[in-house]
Amino acid sequence: MGWKEAAEPVLTRMPAVQRPEGHVPFKRKLTWTAGILVLYFFLTNIGLFGMESGAGDDLFGEFRAVLAGEQGSLMQVGIGPIVTASIVMQLLGGANLLGLDTDDPRDQVLYQGLQKLLVIVMTALTALPMVFAGGFLPPQQSLTLGGFTFDQTQIQALMFTQIFIGGVLILYMDEVVSKWGVGSGIGLFIIAGVSQKLVTGFIQPAEGGFFYDWYRIFTGQVEVGSLVAGDGLYTLLLQDGHIIALFTTLLIFGIVVYAESVRVEIPLSHARVKGARGRFPVKLIYASVLPMILVRALQANVQFIGQILNRQTGDASTIALLGRELPWLGVYDSQGQPVSGFFYYTAPIYSPNDWMWWTGEVAQQAWMVMIRISVDLTFMVIGGAIFAIFWVETTNMGPEATARQIQNSGMQIPGFRQNVGVIEKVMERYIPQVTVIGGALVGILAVWANMLGTIGAVTGTGLLLAVSITYKLYEEIAEEQMMEMHPMMRQMFGKE
Amino acid sequence: MDRGQNTGGLMSSAGLVRYFDSEDSNAILINPKTVIATGVMVGVLVQLLTFVS
């Protein structure tokens, strides 16, 4: 008996959101999407019961932009568990260790169940260290409710329960949007978080807000040094002027929208109907930017381990295991940031202040910074390419799957025999190469945007994700509207 | 016709979680309204508890 038979009773019974019967009108879809979005924002504003409000450090730290959610709220874990579970599924699926055939209906049910179970397990695994490792979510000193006084461990257990419920809610909210709304919940939450940060970065009436900082420059509250000597230029470009951050943000927008339109188009013609022609686009960002979340989440998980180990050590700045200090593993400063050791070199570059050693803002030697940049770049480029390949394979966008789809739709490549194998051969010329180049390119873009900084510190990955998800959403809405106008189109797209 | 990627199964735009068309008859089905109602209720409950304590 394989694992499939053993796990089947559990996996097939995982609760799922009902699927709509028949076509959902576009307006209703928008209503569902908006409803979930409002609920999401509502829940990010509900503070955890029993937590010392305003205290604690975010375990997600700089990864918050990508992982969504809000520190200290019911949405504490964000999409973190979903992403981590997805990495596991991708790696297992990509290496074909599961033995699940996603074309077989029974295996599809198992796949869905396994995926859900993994997310729930990951939610617990993410929430546990957040609550119990200390320092991330400090519990209140005492808590009385209806004459019953909770002790610290009970308060922590309460907080854990809330975070866990919040995490499971996120999973089902995503499912509602995927089945009843437009796009997916995960995409929606990422856009929501990044846009909120971006708008705040522009208009917040405090230090760090783009317009407010320029107001301070004009009113002379900020000392802009001599433009010739360089320090004035430095202030304008990188610090209070945010000029480079503004340009990076705009450029990323432009590049993503442009790159979405860069594609190799494979001409198709219908085998029976003369004159019916089509094109199959192999986009440059073919696997889209999504594998990037997975690479970043992998980096994030490494950093989490460092943070948790650091907390265990207490105030000591060097990570200690079993009473032995291990400076090669990681040394942390008073703000909880790694300053040297393994966890420093594997930490991604978040902002210009992390690497511009000539400005004197960086405590490390130039060579240490160089190593960190190259590790980050290598990780993102190679990781981006590898996860893009896995992504293409597991989402049925690979040569074999697309060839079958084209064949099934009755199309063929003009000048070639009408045969799945032949179409697959042609597809193999483009898809793998385009995938690898696209994945690596997105990796470089993300690192580069982080190095130069972005408005509102949304990070390069956050911005790339938000722009490309929005673009996809726009395409999807356009398609929906077309189907609304011409009901016949629904049959053509095979959605009825 | 040039939307080959969209055909197999139902792909969400972020696609981190995949949902297929097939469902097992054993599965417990949740109404989407229940999800929203639960979310609202949990939020309100936690907020109330915070006020009360």
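First the proteins, then the strands, lettered A, B, ... as listed; each starts at 1.
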Keeping A:Gln115 on the side-chain end and B:Val17 on the backbone end, is there a donor-acceptor pair under 3.5 Å? no
Counting only heavy atoms not in A:Gln407, do more than 12 sit closer than 6.0 Å to its CD atom? yes
Contacting moiety of A:Tyr40, where chain B heavy atoms sit under 4.5 Å: neither
Check each atom of A:Leu188 against the heavy atoms of chain B and say whether the ones under 4.5 Å are side chain, backbone, both or neither. neither
A:Gln140 portion near chain B, given a 4.5 angstrom heavy-atom threshold: neither
Rounded to the nearest 0.5 angstrom, the CD-CG distance for A:Gln18 and B:Asn31 is 5.0 Å
Closest heavy-atom pair and its distance - B:Thr50, A:Gly47: OG1-O, 4.4 Å
A:Met14 versus chain B, heavy atoms under 4.5 Å apart: side chain, backbone, both or neither? backbone
Looking at B:Thr34, B:Val52, B:Val40, which has the largest count of heavy-atom pairs under 4.5 Å with chain A? B:Val40
Just how far is it from atom CD1 of A:Ile46 to atom CG of B:Leu49, taken to the nearest 0.5 Å? 11.0 Å
Give the C-alpha distance, both sets of side-chain angles, the deciding distance and a yes or no for side chain to side chain contact (heavy atoms under 4.5 Å, CB included) between A:Phe49 and B:Gln47. CA-CA 7 Å; A:Phe49 172 58; B:Gln47 194 63 53; over 6 Å; no
Could you go through A:Tyr172 and B:Ile30, starting from their C-alpha distance and side-chain angles, then the distance that decides it, and tell me whether this counts as side chain to side chain contact (heavy atoms under 4.5 Å, CB included)? CA-CA 9 Å; A:Tyr172 281 100; B:Ile30 309 172; 3.8 Å; yes
Please step through side chain to side chain contact (heavy atoms under 4.5 Å, CB included) for the pair B:Val46 and A:Leu48, ending with a clear verdict. CA-CA 7 Å; B:Val46 169; A:Leu48 287 170; over 6 Å; no
Looking at B:Val35 and A:Leu169, what are the two nearest heavy atoms and their distance? O-CD2, 4.0 Å
Under 4.5 Å, counting heavy-atom pairs only, tell me which of A:Arg13, A:Met51, A:Gln112 racks up the most with chain B. A:Gln112
Determine, stepwise, if the pair A:Trp32 / B:Lys33 fulfils side chain to side chain contact (heavy atoms under 4.5 Å, CB included). CA-CA 9 Å; A:Trp32 280 115; B:Lys33 281 181 188 145; 3.6 Å; yes
Does atom OH of A:Tyr474 have more than 12 heavy-atom neighbours, drawn from other residues, nucleotides or ligands, at distances under 6.0 Å? no
Distance, nearest 0.5 Å, that separates OG of A:Ser86 from CZ of B:Arg18: 10.0 Å
Atom CZ of residue position A:Arg28 - does it have more than 12 heavy atoms of other residues, nucleotides or ligands inside 6.0 Å? no
Minimum heavy-atom separation for B:Gly43 and A:Leu74, please, with both atom names. CA-CD1, 4.0 Å
Side chain, backbone, both or neither: which part of A:Thr12 has an atom under 4.5 Å from a heavy atom of chain B? both
Is there a side-chain contact between B:Tyr19 and A:Asp174, using heavy atoms and a 4.5 Å cut-off? yes
If one checks every heavy atom of A:Leu11 against chain B at 4.5 Å, the contacting part turns out to be neither
Is it the side chain or the backbone of A:Phe42 that comes within 4.5 Å of chain B heavy atoms, both, or neither? side chain
Heavy-atom cut-off 4.5 Å, strictly under: side chain, backbone, both or neither for A:Val17 against chain B? both
